[in-house]
Amino acid sequence: MMKEEWLKKGYVSEPVDKMLDLKAEIRNLCKEKKAVILGHFYQADEIQEIADFIGDSLALAQWAAKTDAEIIVMCGVHFMGETAKILCPDKKVLIPDLNAGCSLADSCPADSFAQFVKEHPGYKVISYVNTSAAVKAVTDVVVTSTNARQIVDSFPKDQQLIFGPDKNLGNYINSVTGRNMLLWNGACHVHEKFSVEKIIELKQQYPDAEILVHPECKGAVAKLADKIGSTAGLLNYAINSTSKNFIVATESGILYEMRRKCPDKNFIPAPPEDSTCACNECNFMRLNTLEKLYNTLKYEWPEVQVDAEIARQAIKPIRRMLELSK
């Protein structure tokens with residue numbers, strides 16, 4: 001059953017009984033329907049609490065590729081659902097809200113990127129996982145922030161490379177590899193907004209704090225970092241560090257897992273330039289709620305679909321990424 005109202009809204013808008021124990025009901029539905037919930041580190045705490053597995057983009061792709069569940073519910077953003085569907089074409093892949101897009105993926109329209117690639121014959125194309133399936137279809141290998149350096153280093157030094165769409169991650173990889181990759185001019189709206197001045201002010205307030213920075217941040221922010229890394233990389237660094245205080249410059253959802261794994265440590269979200277907000281949140285990630293997750297499982301909609309020909313092309317660079325990341 002699908003209603004016109006759902007199609008207009010992009011999610012199942014059926015009312016949910018306020019008396020329901022949603023977490024218990026969601027777990028019951030997962031058991032009944034042989035479903036697995038995959039959640040990104042940037043999801044709201046309540047989503048991370050109930051997910052079968054939480055991780056960064058690489059870990060979610062790896063998990064999707066090996067699960068024996070019949071239904072995958074991707075609590076993240078749309079490109080993550082597409083990646084899961086491409087890897088698991090015979091499984092039903094659901095996402096709680098089709099409006100959960102990605103500003104970085106949106107900054108790289110597939111037709112414009114394909115033209116850009118066409119204009120640079122001889123270049124190999126490396127695309128960040130934060131892209132649409134159609135962009136992946138004109139890509140040689142996909143990367144995440146966890147494995148980008150490793151995969152870039154796998155190419156011969158004289159190989160000309162296109163890197164898209166994140167210019168900040170591309171600039172960072174250029175700086176640590178000595179490459180001169182040709183960069184697409186895209187960026188993430190969350191990581192672009194961190195304030196250098198406010199981070200410096202926090203550092204003055206917590207002089208012993210280590211500054212953890214995601215490589216999607218601007219270069220000026222990255223220069224302040226004690227550690228630059230993916231969400232998983234920053235989490236692991238915090239776990240193993242002897243420091244007690246950390247200033248974290250990435251989407252604030254990661255703080256849930258940092259605090260869970262390190263209850264004796266203090267994690268301070270780096271503030272954005274907007275003075276009305278104390279931390280940076282991805283508006284798209286936060287569209288997913290327990291109510292939408294419950295309805296998604298109950299009605300098995302919205303379902304992620306990928307054009308068969310695009311999927312046939314996009315699976316190649318994704319598989320190459322997974323092979324190189326073993």
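Since we're looking at a predicted model, the values are computed, not measured. Scope of the values below: all heavy atoms of this structure, side chains included, with no hydrogens, waters or symmetry mates.
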Over all atoms of both residues, closest heavy-atom pair of Q43 and I47: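 Smallest heavy-atom distance, with atoms named: OE1-CG2, 3.7 Å.
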M74 versus A84, closest heavy-atom pair with distance: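 Closest heavy-atom pair between M74 and A84: CE-CB, 4.0 Å.
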Does [X] share a hydrophobic cluster with [Y], counting links as ILVMFWY side-chain heavy atoms below 4.5 Å and allowing steps through other members?
X	Y	answer
I54	L234	yes
M285	V304	yes
V143	L60	yes
Y256	Y42	no

N-O pairing of K33 and E300 below 4.0 Å: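 E300 and K33: salt-bridged.
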E257 bridged to R260 by N-O distance under 4.0 Å: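 Judged by the 4.0 Å cut-off on N to carboxylate O distance, E257 and R260 do form a salt bridge.
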Parallel, tilted or perpendicular: rings of H191 and H214 (30°, 60°):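 Judged by the thresholds at 30° and 60°, the geometry between H214 and H191 is tilted.
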Main-chain N/O of N245 paired with E210 side-chain donor or acceptor, under 3.5 Å: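 No; judged by distance alone, with no hydrogens or angles, the pair does not exist.
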Centroid-centroid under 6.0 Å between Y299 and W6 rings: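 That pair passes the under 6.0 Å test.
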Aromatic centroids of W184 and F113 separated by under 6.0 Å: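 Ring-ring flag for F113/W184: true, centres closer than 6.0 Å.
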Evaluation steps, side chain to side chain donor-acceptor pair (under 3.5 Å), between E251 and N280: CA-CA 6 Å; E251 212 276 354; N280 255 2; over 6 Å; no
Evaluation steps, side-chain contact (heavy atoms from CB on, under 4.5 Å), between V248 and I268: CA-CA 6 Å; V248 184; I268 308 139; over 6 Å; no
